[in-house]
Amino acid sequence: METAEGPRRITLTPAARRVLEAAGRLFYERGIHAVGVDLIAAEAGVTKKTLYDRFGSKEQIVVEYLAARDERWRAFLAPCLDAAGPEPAARVLAVFDASRAWAAEHGSKGCSMVNAHAEISDPAHPALPVITGQKQWMLALFTDLAGDIAPEGADRLGRTLMLLHEGALVAHGLGVFADPIGRAREEARALLAAAEGSAAKR
């Protein structure tokens with residue numbers, strides 16, 4: 001059941017935290033569909049009954065896994081934006097820098113939200129709002145930052161930055177070429193310089 005604020009969340013007991021830690025690792029490494037509750041319970045050192053008592057369903061574990069990962073990402077990003085200072089372009093580039101650092105530490109297989117979306121086809125799945133909500137938040141962030149650079153073209157610039165960022169995350173997960181997030185950062189830098197130049201001429 002969802003609320004107006006988002007998907008239903010549960011209070012995590014120590015056993016539930018062990019389940020979530022095991023599930024998060026397994027889901028990211030192997031995929032959501034490939035991991036069953038038997039394996040999660042075994043890895044967490046709990047019974048299936050305990051797992052279902054705490055979460056109710058595998059779908060709720062997926063919700064908690066993705067929501068927790070989103071929360072960790074936002075907490076990771078916030079000090080990076082603060083350290084970038086007030087200059088708008090520097091704050092945009094800080095998002096790419098943070099994503100690059102996050103990917104090196106937590107994201108060897110690419111974006112967990114993109115990966116999960118590839119597996120979740122049911123529009124009624126309770127984790128879908130977590131996935132789309134995370135991407136909407138990122139778009140809003142880029143659009144807000146873009147508004148400080150090119151107020152009249154904030155939507156367009158924000159979407160372009162989002163496309164660069166998301167494409168880089170996918171390319172990173174696929175391992176198509178080296179350092180796609182760094183490359184996307186340089187493309188973003190050029191885009192921002194052009195946008196600032198255009199705004200200055202108005």
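These numbers were taken from a predicted model, which means no experiment stands behind them.
- In the displayed structure, Lys135 atom NZ is contacted under 6.0 Å by more than 12 heavy atoms of other residues, nucleotides or ligands.
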* **Check against side chain to side chain contact (heavy atoms under 4.5 Å, CB included), Phe55 and Leu12** => CA-CA 9 Å; Phe55 291 91; Leu12 295 176; 4.2 Å; yes
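- Side-chain atoms of Glu43 do not come within 3.5 Å of backbone N or O of Arg25 as any donor-acceptor pair.
- Both Val95 and Leu191 belong to a common hydrophobic cluster when Ile, Leu, Val, Met, Phe, Trp and Tyr are linked at side-chain heavy-atom distances under 4.5 angstrom.
- Summarising the geometry, atom CD belonging to Glu196 is positioned 10.5 Å from atom CG belonging to Asp148; distances are rounded to the nearest 0.5 Å.
- Between Tyr28 and Ser108, the shortest heavy-atom distance links the atoms OH-N, 3.4 Å.
- Note on residues 74-93: pairs passing salt bridge (charged side-chain N to carboxylate O under 4.0 Å, His left out), not counting sequence neighbours, are Asp70-Arg74.
- Of the possible donor and acceptor atoms, none in the side chain of Thr50 sits under 3.5 Å from a partner among the backbone N and O of Val46.
- Arg30 is listed as a side-chain neighbour of Leu39, based on a closest heavy-atom distance under 4.5 Å.
- When all heavy atoms of Ala168 and Ile181 are compared, the closest pair comes out as CB-CA, 3.8 Å.
- A single hydrophobic cluster is not seen to contain both Leu169 and Val130; linkage of ILVMFWY side chains at heavy-atom distances under 4.5 Å, directly or through other members, places them apart.
- The closest side-chain heavy-atom distance from Leu145 to Pro88 is not below 4.5 Å.
- A heavy-atom distance below 4.5 Å is found between the side chains of Trp137 and Trp73.
- Here the straight-line distance linking atom CG of Leu77 with atom CG of Leu141 works out to 6.0 Å at 0.5 Å rounding.
- Nearest approach of Val62 to Ala127, heavy atoms of both residues: CG1-CB, 3.8 Å.
- With Glu119 contributing its side chain and His33 its backbone, the two residues share a donor-acceptor pair below 3.5 Å.
- Distance check: Leu20 CG to Arg54 CZ gives 13.5 Å after rounding to the nearest 0.5 Å.
- One finds the CD atom of Glu64 at 4.5 Å from the CD1 atom of Ile10 (value rounded to the nearest 0.5 Å).
- Evaluation of the salt bridge (charged side-chain N to carboxylate O under 4.0 Å, His left out) rule for Glu59 yields no partner, not counting sequence neighbours.
- Closest heavy-atom contact between Ala188 and Leu93: CB-CD2, 4.2 Å.
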* Going through the distances and angles, do Arg18 and Glu21 end up as a salt bridge (Lys or Arg N to Asp or Glu O under 4.0 Å)? -> CA-CA 5 Å; Arg18 293 200 304 275; Glu21 181 180 347; over 6 Å; no
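- The hydrophobic cluster around Val114 extends to Val170, Leu174, Val176, Phe177, counting ILVMFWY residues whose side-chain heavy atoms fall within less than 4.5 Å of a member.
- A donor-acceptor pair under 3.5 Å is absent between the side-chain atoms of Asn115 and the main chain of Gly31, judged by distance alone.
- In terms of the salt bridge (charged side-chain N to carboxylate O under 4.0 Å, His left out) criterion, Arg159 has no residue partners (sequence neighbours excluded).
- A donor atom on one side chain and an acceptor atom on the other are not found under 3.5 Å apart for Gln134 and Arg69.
- Grouping the Ile, Leu, Val, Met, Phe, Trp and Tyr side chains by contacts below 4.5 angstrom, directly or via other members, places Trp102 with Leu161.
- Note that CG of Leu81 and CZ of Phe76 are 11.0 Å apart. Values are rounded to the nearest 0.5 Å.
- Not counting sequence neighbours, the partners of Glu71 by the salt bridge (charged side-chain N to carboxylate O under 4.0 Å, His left out) test are Arg9.
- In this structure a side-chain-to-backbone donor-acceptor pair under 3.5 Å is missing from His172 to Cys111.
- Using a 4.5 Å cut-off between side-chain heavy atoms of Ile, Leu, Val, Met, Phe, Trp and Tyr, with links allowed through other members, Met138 and Leu157 fall into the same hydrophobic cluster.
- Taking the six-membered ring where the residue is Trp, Phe96 and His165 present perpendicular rings, their angle passing 60° and hence far from 30°.
- Under the salt bridge (charged side-chain N to carboxylate O under 4.0 Å, His left out) criterion, Asp179 pairs with Arg100, sequence neighbours left out.
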* Please step through side chain to side chain contact (heavy atoms under 4.5 Å, CB included) for the pair Ile32 and Leu26, ending with a clear verdict. => CA-CA 8 Å; Ile32 292 169; Leu26 292 166; over 6 Å; no
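- Among all heavy-atom pairs drawn from Lys58 and Val37, the shortest one is CB-CG1, 4.0 Å.
- Looking only at side-chain heavy atoms (C-beta outward), Asp97 and Arg185 come within less than 4.5 Å of each other.
- Interatomic distance, OH of Tyr65 versus CZ of Phe27, reported as 8.0 Å (0.5 Å rounding).
- The shortest non-hydrogen separation linking Asp122 to Leu128 is O-CD2, 4.1 Å.
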